[in-house]
**Q** 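Got a structure for you, questions after.
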Amino acid sequence: MRIRRPPDFVLLLTLLLLLGLGIVMVFSSTLWFATLPPFNDTFFFLRRQLIWALIGLAAMFLMMNYDYWRLKRWAGLLLVCGIALLVVVLIPGVGVSRLGAQRWLNLGPLSFQPAEFVKLCLVVFTACGLSRQLDKLKNFWSGVLPYIALAGLSAGLILLQPDLGTAVTVVGTIFIMLFAAGVQISNLAIVGLLGTGAIGLAIWHEPYRLRRFLAFLDPEKDPAGAGWHILNSLMSLGSGGLLGTGLGQGHAKYLWVPERHTDFIFAIIGEELGFIGAAFVILLFILFIWRGFRVAVTSPDSFGTLLAAGIVAGIAVQVIINIGVVTSTLPITGITLPFISFGGSSLVFSLASVGILLNISRYSVYK
Amino acid sequence: MERRKLEKKMRFFAALVVGAFLVLIVRVAYLQLVEVDKYRTKARLNHQRLIPIAAPRGEMIDRNGIRVVGNRPVYTVSIAYLGTEDTERVVERLARLLIGEEIYKGKRAEEIEGDIQKKIQKQKLKLYEPVQVAVGVSFETVARLEENRLDLPGVFIDIEPVRDYPQKDLLAQVVGFVREIDQQQLEKNEDKGYQLGDDFGQTGLENKYQPFLRGQRGGRLVEVDALARPVRYLGMKSPVAGSKLVLTIDSRLQRVAQDALSHWAEQARKLGYAKIPGGKPVTGAAVVLNVRTGEVLAMASIPSYDPTVFTRELPPEEYQKLSGKGVFKNHAIEEIYTPGSTFKMVTATALLEGKVSEPEAKIYCPGFYKGKKDWRAHGEVNLRKALQVSCDTFFYMFGIRTGPALMGKYAMEYGLGERTGIDLPGEKAGQVASPERKKEVWRGNLWESQWHEYDSMDMSIGQQDNKFTAIQLANYAAAIANGGRIFRPYLIKKIIAPGGRVTQKFPPYLAREANISPNTLQIIREGMHMAAMLPGGTAAGVFAGAEYQAAAKTGTAEVGDKAGNANALFLAFAPYEEPEVAISVVVGYGGKGSGIAGPVARQILDAYFDLQNNSKKPNDG
């Protein structure tokens, strides 16, 4: 029997803290950049981030009150739409290119990133499908392969944009879900090896990815070129020390760190708020993820469990990649820090997925 | 449903994720807590720029406080290197905005672009120091650059002092010029804090007094963005100006000397006295000394130029062209000239001091002696008259009897053939004729390596191998005038620190007293006085109508070339009774001592006494 209760407030509070901190840091990191042409407006990014946050929060509250099992009905349709959009965005002239990647669709004044949408659809669809046939999962061909194929197809289309970071996140998330659902490790390992090979090929194939990868191994080799991201990211993060330079007082924002308000915002946090600030952000994410898994575990049905696990896993993978890249623990690949980085679609869909998570938490069964 | 299994897996995942996060925390802690100093240092080096502020060099003023060398502020444009692509784009834009600027006159945008690129190339080793691409940029251009500031990342506009020469070519060679320090100078002065790009005095006083003239560089510490645009101002160290030099020169007298010298050198060419092939300029010098102190009141050298050329961009070809003309050479100290008859006071001194003859002894001059022609038959001649009319026969006759050793000895007594020690770099010592020197020059020639009677005759009238600088000749005239005191000529009276405190004072320096009796000097002064003032004196025409009493000696010295050129020389001092100033004028290939060099000296002396009278007038009431 399902009883609706209030959502997990710890989860909600953690999220709001991360979101608030993100808005402040987006403003700080664009203080200089925003004053330059073509923006010429100190509040350019702050204003947009606030609007996106409001839209995202609205989506979150909507989803928080939309019972999650009803999503099953839409799962297939939404995924088909999402994959169709991934194809559409690749059509020259339809998709919008920025910084050499064709990732956006123009919707009047706003632009929309189909990959973020697909990520969520895929999680919903996979959770839905797996929960229906938990007993069939021993069969690789009928129980596992379809999901891997779908994830592979989406990731492949995303790679064409190109957006390696999101592709890796999508594949990683679906893997975790499959594993959680009980797919045999041996099966997953084979697919995993194949996937790693594919990523390796993707790196090898694109010269810029190879350059970035090599720069990760030895950034000093080309400090003004491929090593620039890493060196400057480490420089600003490292120079933060324990207490940081103080909010707004960092150097990195003066264009030293590229993508300072999106993919590399964690470097700015580390520089301006010090180790205390950086560790606080990581702890908030740990708290968020712990509460998320708790939601998964206490969900009344396996659909809820798998859905919550997928949502949390997606965010966890993204955070780990992002901070891993900023700290030069992982090779450079562009991906935003959920709830904190500047960005429209990623923020809205992240918040919408948290809405689903909160909705699941409302039906928790405690032992 | 395998609820429990699912939960177990979830916990496993949660642990895995938390583990990954802990790894990240450890990594962040390592970067921020352990390596913090390394990254802070790196960040500071990367984000902060010390933009040097050049210190103005010390000024130079003349003895009356008139500025000879100053500084004026000019706009400079520099560009920081931002990586090849960005820099190329910025340089392209910058080049378009600099069209029409003085230093890029008549150049198209692409040519200017090339010039700027070349300058950047030169500084490839120190990429983070901005490269200066234009000095002395007009205000209009600065305004245009400011308007386009955001499209010109890495471009700095600064104000810098550059040398200013309010009196143009005045005293150009004495002052010398300033250029960027070269590699050799940098190595030599390594311990004195010089940097590439610093100004360094290359010649003249700028070089000699470099340590005083040089100021202390200041700097502005700014934080820049990744495109080297300044974003935050962190502090400043003010530059300290260099010390001011007070010269012994009277710039008004200097102007007269310089103008007269170049005017009469031009006359020599026009009148055909100077037969110089290939459009080469006539060289020469005029020196005015205070006979009581050794102060240099004027020192002119031709050909001359305006050192302002060094405050702009001076391409190597143009530098070579100017250098080839000899405009950088100070002909008063760096060139030696055959003295001709101006040497006769040495011969006279030698024969009197060596007791070769009585002062009143007379000879008869038929216009030639032992196969050498005099320039005229002078009839009965004694020593004074020989100086008055510049009778060669007299000196031939006594020159043989005096001999090279005595003549050489007294030339040296007057300081000829040795550096005066003036406070300028590059002074030449000159040379006194002697049998030893001749032997050296003619080594291997059995006859010519010997000293013969005719050599003594030649030497007695200032030919043979005698060659002196104009400053030596002036000091020699001064010694005759002041009773045999050899001063060390000097150009700087005092050095004043930026605050106004006098840090150094240079009093007259008596190098030594010539071992010559006052009587001898008196006879020589009389002879020179007669030459200047009595009818028939070789310099009488020069001083016709003068309101003062001068003493002088002309010289027309054959240089021994095929064209038959002769140097024009003139030595003088005045007033005769109480000498104040001594003058030497040399015009290389000038042809006529009295006709070319003489008028220069006359104009200088006229100006000197004019200035004396004018400066006294206000006191008189």
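Per chain, numbering begins at 1; letters A, B, ... match sequence-line order.
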**Q** Is B/I25 close to chain A through its backbone or its side chain, or both, or neither, when contacts mean heavy atoms under 4.5 Å?
**A** both
**Q** Among side-chain atoms of B/D225 and A/W32, is any donor-acceptor pair under 3.5 angstrom?
**A** yes
**Q** Answer yes when B/E92 and B/R89 have at least one side-chain N-carboxylate O distance shorter than 4.0 Å, and no when they do not.
**A** no
**Q** Does B/E147 pair with B/R144 as a salt bridge, N-O distance under 4.0 Å?
**A** no
**Q** Can you find a side-chain donor-acceptor pair between A/S364 and A/T298 that sits under 3.5 Å?
**A** yes
**Q** Between B/F200 and B/Y194, how do the two ring planes meet: parallel, tilted or perpendicular, split at 30° and 60°?
**A** perpendicular
**Q** Do the ring planes of A/F293 and B/F13 sit parallel (below 30°), tilted (30 to 60°) or perpendicular (above 60°)?
**A** parallel
**Q** With a 4.0 Å cut-off, would you call B/D115 and B/K107 a salt bridge?
**A** yes
**Q** Kindly say whether the aromatic ring centers of A/Y254 and A/F33 come within a distance under 6.0 Å.
**A** no
**Q** If you count heavy-atom pairs under 4.5 Å between each of A/V326, A/L242, A/L237 and chain B, which one has the most?
**A** A/L237
**Q** Using a cut-off of under 4.5 Å on heavy-atom pairs, state which of B/E223, B/K38, B/R44 scores highest against chain A.
**A** B/E223
**Q** Which region of B/Y30, side chain (C-beta onward) or backbone (N, CA, C, O), has a non-hydrogen atom less than 4.5 Å from a non-hydrogen atom of chain A, or is it both or neither?
**A** neither
**Q** If contact means a heavy atom pair closer than 4.5 Å, which residues of residues 265-277 of chain A contact chain B?
**A** A/F266, A/G270, A/E271, A/G274, A/F275
**Q** Check the side chains of B/Q132 and B/E160 for a donor-acceptor pair under 3.5 angstrom, ignoring hydrogens and angles.
**A** yes
**Q** Which label fits B/H47 and A/H251: parallel for a plane angle under 30°, tilted from 30 to 60°, or perpendicular past 60°?
**A** tilted
**Q** Counting heavy-atom pairs under 4.5 Å with chain B, which one of A/L283, A/N232, A/L234 comes out on top?
**A** A/L234
**Q** I'd like to verify something: which residue of B/M10, B/E35, B/R27, B/K42 has the highest number of heavy-atom pairs under 4.5 Å with chain A?
**A** B/R27
**Q** Sort B/V224 into side chain, backbone, both or neither according to what part of it lies under 4.5 angstrom from a heavy atom of chain A.
**A** both
**Q** Is it the case that the side chains of B/T141 and B/S138 hold a donor-acceptor pair, with the cut-off being a distance below 3.5 Å and no angle test?
**A** yes
**Q** Considering only heavy atoms and a distance below 4.5 Å, find which of B/T41, B/L150, B/V28, B/L16 pairs most often with chain A.
**A** B/V28
**Q** Against chain B, label A/S328 side chain, backbone, both or neither, depending on which of its atoms sit under 4.5 Å from a heavy atom there.
**A** both
**Q** Checking A/I282 against chain B: side chain, backbone, both or neither under 4.5 Å from a heavy atom?
**A** both
**Q** Checking A/W290 against chain B: side chain, backbone, both or neither under 4.5 Å from a heavy atom?
**A** neither
